[in-house]
Amino acid sequence: MKPENRRAGRPPQDAAHRLARAHRILDATAELVLRWGYDKTTVEDIARRAEVAKGTIYLHWKTREELFSALLRRERVEMITEVRRRIEDGPGTLHGLLALLAAELLSRPLTRASLLGDSEVLGALTRRKRESTAAAELGGDFQTYLGTLREHGALRSDLSPAEQVTTLVSVLYGFLIVAQMMPPEYRPSDERLAELLADAGSRALAPAGPVPAGAARTAARATLAYVDAAVETAQRKLRVSLGTEESTQ
């Protein structure tokens with residue numbers, strides 16, 4: 001079928017073209033949400049900014065909420081991919097991982113707003129995102145990662161896996177929420193805040209005695225394995241949101 005005979009609104013047959021168009025729509029969505037906020041950003045606004053028909057957006061996502069979910073999933077992929085790239089330059093410790101995760105999170109307004117439930121940016125969407133908390137993000141593979149560190153004496157052994165995750169989530173939220181409540185003269189830069197958060201989190205889970213020989217190498221391998229798994233999971237969820245992979249749920 002010639003292009004000029006294609007029905008209006010029908011998606012292009014070329015998968016690469018369709019994917020590129022989806023990312024262009026997400027680019028426009030991110031720009032407008034950061035400028036106006038979720039509640040004031042309409043599908044019509046996004047379509048106009050992305051230079052597509054409104055109906056074209058609904059060819060990719062059935063609802064506005066699905067569109068924004070895809071946007072946040074893409075942000076997650078970009079964040080964890082950058083952590084994966086940078087972690088090879090460090091020692092592969094829990095401290096290093098927390099510092100990189102915090103630094104990347106703080107540098108990404110949408111991810112930061114999602115985590116903190118910032119209604120000024122995400123508006124009504126924050127109520128739907130509360131179930132996708134840091135505790136959920138740090139479940140599963142992250143508990144396995146901490147379990148490996150604990151098994152090899154690189155973490156304190158008097159806390160259960162759930163208590164370890166709760167401790168780290170409390171440190172994360174505590175630093176991020178309290179920092180924005182403090183007077184300006186008490187607020188550290190984002191770079192310093194990430195360092196303080198990582199230091200507090202790693203110290204909270206540090207073992208009482210010396211770390212056994214060889215534990216550092218094991219910890220480095222476990223850290224890299226965790227990040228690799230996180231990248232794979234994030235990419236899979238994004239592919240589902242972009243319609244390039246079927247959901248297994």
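What you see is a predicted model, and the numbers here were worked out from it, not measured in a lab.
Thr56 contributes no side-chain N or O that, together with a main-chain N or O of Val52, makes up a donor-acceptor pair within less than 3.5 Å. Looking only at distances, no side-chain donor or acceptor of Ser114 sits under 3.5 Å from a matching main-chain atom of Leu110. Panel note: side chain Thr218, backbone Gly214; a donor-acceptor pair is recorded below 3.5 Å. A donor-acceptor pair under 3.5 Å is absent between the side-chain atoms of Ser69 and the main chain of Glu65, judged by distance alone. Between the side chain of Thr148 and the backbone N or O of Ala222, no donor-acceptor pair lies under 3.5 Å.
Between Ala229 and Asp141 the shortest heavy-atom distance is CB-OD2, 3.7 Å. The two residues Leu168 and Gly201 have their closest heavy-atom pair at CD2-O, 3.7 Å. Minimum interatomic distance between Arg64 and Asp39 (heavy atoms only, all atoms of both residues): NH1-O, 4.4 Å. Nearest heavy-atom pair across Leu242 and Leu19 is CD1-CD1, 3.7 Å. Scanning both residues, Ala220 and Pro91, for their nearest heavy atoms gives CB-O, 3.6 Å. Nearest heavy-atom pair, Pro207 versus Gly153, reported as atom, atom and distance to 0.1 Å: CG-O, 3.6 Å.
Side-chain atoms of Leu193 and Leu197, non-hydrogen and from C-beta on, never get closer than 4.5 Å to each other. Side-chain contact between Tyr58 and Thr63 is absent, with no heavy atoms from C-beta onward closer than 4.5 Å. His60 is listed as a side-chain neighbour of Arg18, based on a closest heavy-atom distance under 4.5 Å. Under the 4.5 Å side-chain criterion, counting only non-hydrogen atoms from C-beta, Leu176 is in contact with Leu115.
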Legend entry - Residues Arg112, Asp190; criterion side chain to side chain contact (heavy atoms under 4.5 Å, CB included); working and verdict: CA-CA 12 Å; Arg112 185 172 184 165; Asp190 285 349; 3.2 Å; yes
Legend entry - Test side chain to side chain contact (heavy atoms under 4.5 Å, CB included) applied to Thr111 and Leu106, step by step: CA-CA 8 Å; Thr111 306; Leu106 289 167; over 6 Å; no
Legend entry - Working for side chain to side chain contact (heavy atoms under 4.5 Å, CB included), residues Tyr226 and Thr144: CA-CA 8 Å; Tyr226 162 69; Thr144 299; over 6 Å; no
Inset, instruction - I would like to know whether Phe142 and Gln164 meet side chain to side chain contact (heavy atoms under 4.5 Å, CB included); could you show each step before the answer? - result: CA-CA 10 Å; Phe142 194 78; Gln164 290 173 339; over 6 Å; no
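Partners of Arg24 under the salt bridge (Lys or Arg N to Asp or Glu O under 4.0 Å) rule, at least two apart in sequence or in another chain, do not exist in this structure. Partners of Asp158 according to the salt bridge (Lys or Arg N to Asp or Glu O under 4.0 Å) rule, which considers only residues two or more places apart in sequence or in another chain, are Arg156. Considering only residues two or more places apart in sequence or on other chains, Glu185 meets the side-chain hydrogen bond (donor to acceptor under 3.5 Å, both in side chains) condition with none of them. Remark: Thr223 pairs with Tyr145 by the side-chain hydrogen bond (donor to acceptor under 3.5 Å, both in side chains) rule, at least two apart or across chains. Arg192 pairs by the side-chain hydrogen bond (donor to acceptor under 3.5 Å, both in side chains) definition with Glu195, not counting sequence neighbours. Residues satisfying the side-chain hydrogen bond (donor to acceptor under 3.5 Å, both in side chains) test with Thr93, not counting sequence neighbours, are none. Residues passing the salt bridge (Lys or Arg N to Asp or Glu O under 4.0 Å) test with Glu31, sequence neighbours excluded: Arg35, Arg49. Partners of Glu44 according to the salt bridge (Lys or Arg N to Asp or Glu O under 4.0 Å) rule, which considers only residues two or more places apart in sequence or in another chain, are Lys54. Applying the side-chain contact (heavy atoms from CB on, under 4.5 Å) test to Ala70 and every residue at least two apart in sequence or in another chain returns Leu26, Trp61, Ser241.
In terms of hydrophobic clustering, with Ile, Leu, Val, Met, Phe, Trp and Tyr side chains grouped at heavy-atom distances under 4.5 Å, Val43 and Ile25 are assigned to a common cluster.
Tested against Asp228, the residues Arg221, Arg85, Arg84 include a single salt bridge (charged side-chain N to carboxylate O under 4.0 Å, His left out) partner, Arg84. Tested against Leu205, the residues Val171, Leu149, Leu155 include a single side chain to side chain contact (heavy atoms under 4.5 Å, CB included) partner, Leu155.
Annotation: cation-pi pair Arg73/Phe68 absent, no NZ/CZ under 6.0 Å from the ring centroid and within 45° of its normal.
The other residues sharing a hydrophobic cluster with Tyr186 are Val178, Met182, where clustering joins ILVMFWY side chains under 4.5 Å apart.
The side chain to side chain donor-acceptor pair (under 3.5 Å) analysis of residues 201-215, with sequence neighbours excluded, yields the pairs Asp199-Arg203.
In the model, Asp45 has a side-chain atom that pairs as donor or acceptor with a side-chain atom of Thr42 under 3.5 Å.
Distance check: Leu238 CG to Glu75 CD gives 10.5 Å after rounding to the nearest 0.5 Å. Atom-to-atom distance recorded for Arg76:CZ and Met79:CE is 4.5 Å, nearest 0.5 angstrom. Here the CG atom belonging to Asp27 is positioned 11.5 Å from the CD1 atom belonging to Ile46, to the nearest 0.5 angstrom. To the nearest 0.5 Å, atom CZ of residue Arg21 and atom CD1 of residue Ile57 are 10.0 Å apart.
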In a table with atom names and distances, give each donor-acceptor pair under 3.5 Å that connects a side chain of residues 96-105 to protein atoms at least two apart or in another chain.
unit_1, atom_1, unit_2, atom_2, d
Glu104, OE1, Arg108, NE, 3.1
Glu104, OE1, Arg108, NH2, 3.0

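Atom CD of Glu51 has 12 or fewer neighbouring heavy atoms from other residues, nucleotides or ligands inside a 6.0 Å radius.
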